[in-house]
Structure formats: structure tokens, C-alpha cells
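Reminder, nothing fancy here: chain letters follow the sequence lines and each chain counts from 1.
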Amino acid sequence: MTRIRFREPSIIPGFRLTFGFTILYLFLIVIVPIVGLYMKTFELDWPSFWRILTGSRFQAALKLSFGASLLAALFNVVIGLLIAWVIVRYRFFARRLVDAIIDLPFALPTAVAGIALTALYVPQGWIGRLFSPYGITIAYTPLGIWIALVFIGLPFVVRTVQPVLEDFNAEVEEAAATLGASRLTTIVRVILPALLPAILTGFSLAFARAVGEYGSVIFIAGNIPRQTEILPLLIVFRLEERDYAAASAIAAIMLTVSFLILLLVNLIQSWSNRRFGNV
Amino acid sequence: MSKGVFKKSVSPVTEPPAVRYLLIGLSILVLAVFLVLPLVTVFVQALQMGLWQALATFSDPDAISAILLTLLVAAIAVPCNLVFGIAAAWAIAKYRFPGRSFLITLIDLPFSVSPVVAGLVYILLLGPFTPVGAWFLQDFGVRIIFAVPGIVLATIFVTFPFIARELIPLMQDQGTGDEEAALSLGASGWQTFWHVTLPNVKWALLYGVLLCNARAMGEFGAVAVISGKLRGETVTMPLQIELYYQEFRALAQVSAFSLAAVLAGLALVTLVLKSWLEWRYADQLAAGNRGH
Amino acid sequence: MELGIRDVRKEFNQYPALHGVSLDIRPGELIALLGPSGSGKTTLLRLIAGLDFPTSGQILFGDEDASNKTVQERNVGFVFQHYALFRHMNVADNIGFGLKVRPGASRPAKAEIRRRASELLDLVQLSGLEKRYPAQLSGGQRQRVALARALAIEPKILLLDEPFGALDAQVRRELRRWLREIHDTTGHTTVFVTHDQEEALELADRVVVMSQGRIEQVGTADEVYDQPNSPFVYGFIGESSSLPVRVANGELWLADRAIGLGAQDVPDGDAILYFRPQEIELLDGCGGCIAGTVAASRRVAGSRRVELKIGGQREQVEIELPVGHPAAQQSRVAFRPRRYKVFPAKAT
């Protein structure tokens, strides 16, 4: 009888060591704490869980977090496509600089981004000043939250679309042209559909990041309960009140949403690989 | 019409120059407003009362201890994740076993977890009111939560994908041919690793370390939740920025932005090095896997 | 549709890719542009399509000057080397694309587009694959879809860039025959680019041999094979051997001996003799012949190839003998080409 093996045979040594260490590390750092979070949440009975879910403060924060994140991620899709297109397709003097600066939101600590954005968008700030004569306040309103979420989500769509656009075969565009398609038709009906999986992936990543974002938002948000209070901040307040069960319930909901988004991203990618492959 | 004059001699796969310039202009404008302006603001705000006032921040004991703590945390978290990244990449890229793609998804997980949640899970697990936390506190006199160990743990959590996710795709692309050749020539496992595998991935490793370090030094949410914010003890640079910022004194504002300027400078150095690596060693980094 | 190319010149960044090329293609003709890479054949094809624009010169579609028309206005069917199928569209949508993007009035109804697509799929023998995506097709099938898509717009001219370049040998041969059949059925004026002489000679009504941005010769397969008009064409099409000779008074001389071949139109002086290895006669004695020592002999399919060293061992030519011919065993062989061509030495 053949022994069932976990892995395919290989002469390369070190599988036990590296695999064992990887699993142990993941287990201690990720799995145990996350399981712990769900277990803590299950300590709640249904009525109290329901009370948290239906609480007006939670509901308001939920709507704000998801609404602002959705709008920010959608905006990121538009400008992300624009910037990716410009970087890949055009040659201009500052192209390299533009390409490098895209990653600033990944590199700049969120607290730094938070205070900088606030300084810009308060009514006396460089940008806030331009809007305050019209009665538009940006800092300490949902608009300010949206600005911060656009900032931190900006690189995602650019970085997912860029490689796909770089690999896009010019012959395909020429083919569309020989078949009589105008440039705009070619972009809308040939290029954009091909970028769609990358756009969806970038959108999902930007959205997930925005929902969980804390540092860059809390400075500019104003943090007024039921108005400009985001979900992660609500968790922090519950923690400060030592209401661990409530904090973990909110966290568990957010975490579940993150898992679903992650699952969605993986499904999009495997679906598009299966269907469209590499022609 | 004269022979050899071509009105419409525009390539069918590009746009008219006017459209091109418009799109380029629009992109630069968007980036200037959303990215460059905030960056410039940090330095302008730091220097609003002059260079001396900005530099005075760094004689404040709180600021000094925040800087030292940040360095300490990064000095622990980055090497931990370096070892993990190499081990995980080795196990995933050099062997075939069921569940590899699930393992990769699991490694990517911290990217989609809110930093606040990342801090919270450790409080729930290791806080002084939990069995584990109480055991550490009573039997060893070690506080984990609202202390430095917790900060380190939270930082490890939020930064641990960086190195692994740079190495895994690259090592998968490289396959096992080089290692098999070295082993067939009589090298031991460790020799193979040191002399064959490591040189093949060194630039990707540096790239990952760079990004990991930037995030480790700049992490705010996870650390804010877990630190307890004891001035001079459990306050890292980003937290100290918040504390200064909340004082609402003009001088404290300058201090907040001065400390922020240091981190912004670090971010700029990171971007420059990252771009240099991408430009110089593009072929030795994982393709199409930039950012994050 | 008749196609006229008038003194077309193309430069890429000052570097000339085509030097004043002229060519007339008759309606319904199947033309091969044959040449090594860098000969300008693909550039010429792209200029005809309107994917690039000439630096100077004219391209005429019938009597109409097409030089100023965009690719969209020219209505040419173009089949790309790597097919360039739209990978997010299924086969039917790929084929129907050209009809769907027509402006309102001239756009056929949806049902009509669908009918045309399945008709064309029949023509390219892929019925039933309407719903497949390009990723689910083999290379040969993709090529057929690409052709059906190009035919769907009822093109004035069909242009194919290395249509079989990316396929393996077996599929290539099948598709070659099939393309000829399609051409005979549809009657489109067709131009295809290839670097494969066998493909060009077998398929095309006329072959345009190109080299270094110039047309070397235009003619039927027989003409370019039997009467090559330049050393390049002689060397590029079919097998050839060459030998430096000297022309004096209309006779060819090898060193100090006349070799019994005349050269009427060639000026006196150094020249090069070209002949096919198989078009030779062996001679016993050598009163006016080429004689050499056998350097190597090897079996090639149905014949035997013999390498001869000639005249002080410096020159080497190949001749072909029937298998088992006793001459292959000898150490010296004397022969004379039955058919040959002499070009002045400076022309090479």
C-alpha cells in the first residue's frame, strides 16, 4: 500500500522546518487572536448583540463608514484609471516622479496624513479657505472623511490596473481600429472590459482599506457621535468604556466584511483567469 | 491635394495631442492636490515658527522617548517578519502541497483587517483581565497590553505580510532548478540557501524590508488601541504626534508637525529607495506586484 | 479591388524602413510579401492598412487615393500575427464586433449580426463554437476566428501578417490549403506577409520578394524560382550554390580555365556564378567544367548532397546527386550547371 503523502516528493530540504514555523507563526499571530475575537463576541447573548446592531450610534457609524468608503473607492476607480492610463500610455517629463509619488499613501504614516489633511482642509487651511466663502466646510464633516479615504485608497486601483494595461497587446487595439471602431469605442468596448477584473480588485482593496482606516480619518473627522463617527472609532470608544463585548461585536462584524471582500477579490481573480486566460 | 502631405497621420492606437495633454494635466493636478499638497503642508506647518522652534521638539524628553520606542519596535518587528517571510516563502514556493493558495490568502489577511481590530484582538486575548494576561502579570510580572510587548505584537501583526508577499511570487517564478543544481553538486541545505537562494532574492528581500519598516514605524491605529498612551513609556512617534496635536497649544502644534516631518522624511526616503529598486532591479523583483 | 502602391517611402526616426516602393495588385489576386525579418514587408502591410502612415508616396484603393484615410475609413480586413482576439468577448461577439461598432444607420440589426457571425463560422469550419472564449480555443481555431472577424466587415482588401507564424508545422500546412480555398470562394484581394518561402510559393498568385526596404522581384512562383533577377532572390528562394568567377569575352573563367559556360549580358570582370545544387550535369573529362575535391557527402531525404572544394580549397559549393551515384564515392568530381545565372561581383 502506498503511503498518502501531504506534499509531492522533493529533494529540497527544510520543508518541515519552514512549513512548521510558518504555520506556528500564523497560528499565534493571526488565527488565535481572531478566533478569540469571535469567541468573545459569542459571549454576548442575542438580545444584547441585537441591541448593539440596532443602536442608533452603531447604525449611523455603519452607514457613514460604508457610505464614505464606497464613494471614496468609486472616486479612486475613476482617478486611478486616469492615472494608470497616463503613466502607462504617455511619455512626459515627470512620468517617473508621478509613478513614484502614487505610493505615498502607502508609505506615509496615517497619523501624519491625518494631521496634514486636517491642516489643509480646515476653513483657514490652504484648501479649506477656497471653499469657506461658499459656506462649504470640509474638515470635521463627512466630506473630510471622504477626502481622507480618497487619499489612503488612491494607489490601489492604479497599482492593480497598471500592470494589466502595460501587458495589453497593442495589436488588439489595432484590430478594433481595422474593424472600424473609433478610438473612443475601442477604449470603452475593448480596453475597459479587459481591465474590469483589475478594476474590481483595486476597488475592493481600496474599499476594504477605507472601511478599516483609522489614523488618517480621526483627525479630520470631528468624531461627533451619529454624525462624523466612523466604525473603528466606535470600537475605540467602547474599549475605553471597557465594554469589551460590544467592541468585539463591532470588530467581528467588520472582520467578517473584510473576509467577504477578500473572498470576493479571490473569486474575481480566479474567475477572470479561468474565463479569459492569457491569450 | 499635394502628394506626401498627411493630415490624419495619427497612429490609430493613441489619442490626439490635445486629449493627451489634458489627461496628463488632469492627473498631475489630482496628484498635486491629493498627495503632494498634504506632504508639503507637513513641512510648512513644522517650520511655521522657524527652524529653531521645530528643532526644539527633539529636545523634549517625550519626543526622544517616542523616537527611541519606535526604533525599538521596528528593530524587533522587522527581523521577526523577515524570518517569517523567508520561511513562508520557502515552504510555499519550493514545494507543492494542498492548501498553498489558502495559506497565501491567510498571509495577506492583515492587509484587509482594520488596524483598530488588529489591536483589539490582542487586548481580548492578552489583556490583564484575561487568563493569559493575568498569568503573565502575576507569575512573571510582565504586562503585555498597555505596554511595549503589546505594541510589538500589534506591529508584527499589521506588517507581517510585506516581506512574505514580495518573496513568494518571485521564488515561485524562479522555481527549484537552482536549488536542485546546488544540491546535486553536493551543497548542504544551509549552503544552498545561503549561496544560491538568498542571492537570487536579495533585492526583493530588501524591497520587502523597506516597506515593512515604513509601516512598522508609522503604524498608528493598532498601536493606539493597545498602548495605553503612557507618556514617555508606551508612546511611539505616531502616538506622540497625536498627543502633541491634541494639546491645541501653538508650540505643541509645531512639535506635532516636526515629529510628523521626520516620519514624512522617512516615507520619502522609502519611496526613493523603492523607486530606485524598481528601476534598477525590476527583473529581480516580483513582477506586477508593486505597492501595498 | 485594385491596389496601387506608388513610390512609398517610410522612415522611423530618420531610419528608412521602405525606400520608394511601387507595386500594383490586381483585383482578386493573392499576393505574398516574402522576405527576411527587417525587409520592410510588415511595414508595407501596415501602411496599406492605415495602421502606419507613409513618409511620402501614395496608396491607391482602386482609383481613390487612400493615403489620407484613417484605418477606420479604409475598410480593410487585417489578421494579426498573434490573432489579437478580444479575450473578454466570445467567438460570436468577436466576429460581430466590426458590424456592431458601425454608426447607427449602417449598423445591421442584432439578429442579422448573429446570422452573419454563424455564417462566417461555417465558412471557417468552426460552427457551434459561438459561445467559446478565445482562451478556450486552440491556436489554429483562434486563427480561423481572427479571419472570420476580418471577413465580417466585408473588407475591400484582406491583409494577413504572418498568418501561420505562431502555429506548429502540421496545422500550418492544413490552414494554408484552407486559406487558398477561402480565397477562391470569397475572391477578396489578399496580401499576406510571410518569411516562409514554401508558404509563399505554394499559396500566392504572385510573390513579392523584399529585402532591406526594397522590392527585389515580383513574379509567379515559377518566375521567382526559375528566373531570379538578383543574387538576393537566388540566395533567398530555394537552395543555391555560388562561386566567384571572372567574365572575359562573354565566357566564364575559373582561375585560368574556361568552364564552358557563356555569359552574354555580363560585363567583363569579376562576377559570381549562381546555380541550384540539383540542376547540374556530371562530366567525365574536364574540358571546360568545374572540378573539385569531395569534402563531405551526406544523405538529405531522397538525394545525396556533396560538398566540393574548388580551386585551391578556398571556395566551396554544394551539388546534389541521386542516392547511390558512384560519383559520391570519388575523391574528385567534375560537373557543369545545366541552368545558372551570373551577376557582376559588385552587385552582391
By a 4.5 Å heavy-atom criterion (distance strictly below it), what part of [X] contacts chain B: side chain, backbone, both, or neither?
X: A:Ile31; result: side chain
X: A:Leu97; result: neither
X: A:Arg96; result: side chain
X: A:Ile187; result: side chain
X: A:Leu82; result: both
X: A:Phe15; result: both
X: A:Phe19; result: both
X: A:Leu239; result: side chain
X: A:Ile83; result: both

request  = Give me the one residue out of B:Val36, B:Thr270, B:Leu39, B:Leu31 that meets side chain to side chain contact (heavy atoms under 4.5 Å, CB included) with A:Leu104.
outcome  =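 With A:Leu104 as partner, side chain to side chain contact (heavy atoms under 4.5 Å, CB included) holds for just one option, B:Leu39.
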Name the region of [X], side chain, backbone, both or neither, that has any atom closer than 4.5 Å to a heavy atom of chain A.
X: B:Val44; result: side chain
X: B:Tyr245; result: side chain
X: B:Leu35; result: both
X: B:Ile123; result: side chain
X: B:Arg215; result: neither
X: B:Leu153; result: side chain
X: B:Glu180; result: both
X: B:Phe193; result: neither
X: B:Ile28; result: side chain
X: B:Asn81; result: both

ask   = Relative to the ring of B:Phe220, is the ring of A:Phe219 parallel (under 30°), tilted (30 to 60°) or perpendicular (over 60°)?
value =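 Tilted.
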message = Could you measure the distance from the CG atom of B:Leu37 to the CZ atom of A:Phe151? Nearest 0.5 Å is fine.
response =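 Between B:Leu37 CG and A:Phe151 CZ, I get 11.0 Å after rounding to 0.5 Å.
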ask   = Do the side chain of B:Tyr122 and the main chain of A:Ile29 share a donor and acceptor less than 3.5 angstrom apart?
value =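 Checking the backbone N and O of A:Ile29 against the side chain of B:Tyr122, a donor-acceptor pair under 3.5 Å is found.
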ask   = Okay, side chain of A:Tyr214, backbone of B:Ala224: is any donor-acceptor separation there less than 3.5 Å?
value =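 Answer holds: no.
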